[in-house]
There are 2 protein chains.
Amino acid sequence: MGRNRATLADVARRAGLSKTAASMVLNGREGTRLSAEAHQRVFAAAEELGYRPNLAARSLRTRKTATIAFVSDIVATTRFAGGLIRGALDAARERDHVLLITETQGDATFEQYAIEAMLDRQVDGVIYAAMATRRLTVPPAILGGPVVLLNATSPDDLPCVLPDDERAGRTVTTALLDLGHRDRIALIGRNRLKEDDAEVSLAARARLRGVHRALDDAGVDLLTECFCAEWLPEHGYAAMRTLLGRPTRPTAIICMNDRLAFGAYQALAEAGLTVPDDISVVSFDDDPIAAWLRPGLSTTALPHEQMGRRAVEILLDGGGATPSLVPMPLRRRRSLAAPAG
Amino acid sequence: MGRNRATLADVARRAGLSKTAASMVLNGREGTRLSAEAHQRVFAAAEELGYRPNLAARSLRTRKTATIAFVSDIVATTRFAGGLIRGALDAARERDHVLLITETQGDATFEQYAIEAMLDRQVDGVIYAAMATRRLTVPPAILGGPVVLLNATSPDDLPCVLPDDERAGRTVTTALLDLGHRDRIALIGRNRLKEDDAEVSLAARARLRGVHRALDDAGVDLLTECFCAEWLPEHGYAAMRTLLGRPTRPTAIICMNDRLAFGAYQALAEAGLTVPDDISVVSFDDDPIAAWLRPGLSTTALPHEQMGRRAVEILLDGGGATPSLVPMPLRRRRSLAAPAG
DNA sequence: AGTAGCCGCTAAACTGATTTAGCAGAGCAT
DNA sequence: ATGCTCTGCTAAATCAGTTTAGCGGCTACT
């Protein structure tokens, strides 16, 4: 791997100058008094030798590595990680940085290990990502340098990037209201644990708040709210079935995420009902299945790439109001229609 | 990030020995003649100072970084990446290594950039991963050091890790044969492009070969094979519909992947048919939707974690037969039953 | 005439590890 | 007494950059 690369000394020699001069020219140092001709010679020599600096040597001196640690609790089990990583990767590349990835798996030992590995490698900063939007406490060891929380907040008020779930709650609700749905909108996916424990989820509470605010503004009440122990298809399915067993059938359903909506679709199909003619469905996340369902599920997209991007921007460029809320755009598909009758 | 850490010199001073001695002790060098007492003192000093070596300094000298580059074509757009990364991460951690991740997005410029970034950081080896199992040519620049292909092969016969798609083809087929399905098994998802162009996919051909071999061994012919332009739900849906328009209805369907199967499920539900009572369905990938479908879809799992793991093992420990084929286990769910009648 | 300042550049120190070469003293044989 | 080996350890070189301090020559000003 990278044997016999030209060194700065080689470049300097070929340019007939000192290492100092070569270093300054190549780093574009301001205020140096090296002649235009010296610049030329150095650039030419570097070009001819295909010179690339040895970053280990550089960071030994400068304590900068152009490397960002991306520490997450769980990457594998959720498809969402990909987007976060990709966004971060893109933004990092634009800034000539690279990503060192580790995973804690929610395990203290692994976390300790991951952090030591990062510190040993002198990363320039840490992105601490959670796969479910939630509050967490970051290990004190990483507070020595810049940190940005991704998809999480912490009690220490560290800079963080979050999806704007509350606004998304408003978005899905007004989408229904605008179509004329009124008092027969039902909600699937209330969940005490997610709503009350910020360390489990921030999304549930925020989404709900958005929904309720939008309804309040319009002076409309929900028909009913179904509790779900988890946000999985089977729970959406069960909730939808009980909903259909009630006397007044809803004209629209808001599901707290796409997996619940998927379950709801299954129950609707089984009951011989058609989306959106009989019931409109709207949801959150823009999981790939949302596009695969028939008809396509309208849902607010978790902007993972943007979030990953934003985290790197804040870390490296500094900046902005600190809970950086990234909008969740509504993906309109065929699951929405005006209420029948 | 990691200010004022103790250096080797600090440890040596505290132990009343030279840097040389301290270095040798901490690295557990054999054949050194340092006294047991010297060992003790160095360990104690390191412990007390919380010494951790500066890896930049170390790699400047040794040209080892305990870092592996994980280069992939596309990480974000596929949920599969997570598993590969997670497996690689685990195996790397066990060997005290860390993963540097980059993405080429199939773009030559990005690829060039990614490779330079890795070489500049003197990674110890490269895992070159493809998100769809396929053949690819690795850029010559990385051939200077150890490389393992993950989910890909190359014309250069580099060591590689692949899922055992052919065996999976046998597995799904014999699962049906064992239940008594015979001449009314249909296949959805033939695709010239995927089958004939190894740079697009190796899976299609291998799966198909497995299916055909298993059928041949049993002396059974397929009822029919449906072509699909893509392996997406809508194509599975369309294929299933045409299949149901034919005179003889199949008793079982083999789908080339789970997304096709998902589409097939949609068409079956629409036609009022029940899985598995009317038709059994089996497939490949173990996409999360497989578990969410009703009834659960039986499918052969792509062992992404294992593959990621294996790649690191081969890279670091060397070894084994070179196309390392990782088995795809059958996840039996409720979509399989004996043919009716 | 003296000196201050600028110009264009360089020598050498420094970062923190590993590694090579070798030194002082003890023990032993000749 | 001399030479040899072994023991336990260290000085110094090395990796490839960045950075500090400063040098010699020239001009300009007092």
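Naming convention: chains lettered A, B, ... in sequence-line order (proteins, then strands); numbering from 1 in each chain.
Considering OG1 of B/Thr133 and CG of B/Leu302, their distance stands at 6.5 Å, rounded to 0.5 Å. Annotation: the span from B/Asp124 atom CG to B/Leu316 atom CG amounts to 7.5 Å, rounded to 0.5 Å.
When the local axes at the two ends of the helix from C/dA1-D/dT30 to C/dT30-D/dA1 are compared, using 5 base pairs at each end, they differ in direction by 80° after rounding to 10°.
Note on B/Leu17: only backbone sugar-phosphate atoms sit closer than 4.0 angstrom, heavy atoms only; bases stay farther off. Across all strands, A/Ala38 comes closer than 4.0 Å only to sugar-phosphate atoms, never to a base (heavy-atom distances).
Evaluation of the salt bridge (charged side-chain N to carboxylate O under 4.0 Å, His left out) test over residues 131-157 of chain B, restricted to residues two or more places apart or in two chains, returns B/Asp73-B/Arg134.
Phosphate proximity of C/dG16 to A/Arg63: present, with a side-chain N or O under 4.0 Å from OP1 or OP2. When the side-chain nitrogen and oxygen atoms of A/Ser18 are compared with OP1 and OP2 of C/dT10, one or more of them lie within a distance under 4.0 Å. Contact annotation: A/Ser35 reaches the phosphate of C/dC9 (side-chain N/O to OP1 or OP2, under 4.0 Å).
Per the geometry, CG belonging to B/Leu60 stands 9 Å off C1' belonging to D/dT14, to the nearest Å. The distance between atom CG of A/Leu26 and atom C1' of D/dG17, rounded to the nearest whole Å, is 11 Å. Taking atom CG on B/Asn54 and atom P on D/dC15, their separation rounds to 18 Å, with Å as the unit. In this entry the distance linking NE2 of A/His39 with C1' of C/dG8 reads 12 Å, nearest Å. Look at NZ on A/Lys64: it is 17 Å from P on C/dT15, rounded to the nearest Å.
For B/Arg58, there are no salt bridge (Lys or Arg N to Asp or Glu O under 4.0 Å) partners at least two apart in sequence or on another chain. Remark: A/Ser59 pairs with no residue by the side-chain hydrogen bond (donor to acceptor under 3.5 Å, both in side chains) rule, at least two apart or across chains. Partners of A/Gln306 according to the side-chain hydrogen bond (donor to acceptor under 3.5 Å, both in side chains) rule, which considers only residues two or more places apart in sequence or in another chain, do not exist here.
With DNA chain D read from its 5' end, the first of the two nearest nucleotides for B/Arg41 and A/Ala6 is the one closest to B/Arg41. Each of A/Leu34 and B/Leu55 was assigned the nucleotide of DNA chain C with the nearest heavy atom; the assignment lying further toward the 5' end belongs to A/Leu34. Sequence order on DNA chain D of the closest nucleotides to B/Ala57 and B/Ala36 puts B/Ala36 first from the 5' end.
Screening A/Cys160, A/Pro303, A/Ser324 for a side-chain contact (heavy atoms from CB on, under 4.5 Å) involving A/Arg310 leaves a single residue, A/Ser324.
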Do A/Asp107 and A/Tyr113 pass the side-chain hydrogen bond (donor to acceptor under 3.5 Å, both in side chains) test, and can you show the C-alpha distance, the side-chain angles, and the key distance before you say yes or no? CA-CA 10 Å; A/Asp107 175 306; A/Tyr113 184 89; over 6 Å; no
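For B/Arg93 and A/Phe110, the positive end sits near the middle of the six-membered ring, less than 6.0 Å away and at most 45° from its axis.
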In B/S/- notation, 5' to 3', how is nucleotides 18-26 of chain C contacted by protein heavy atoms closer than 4.0 Å? BBB------
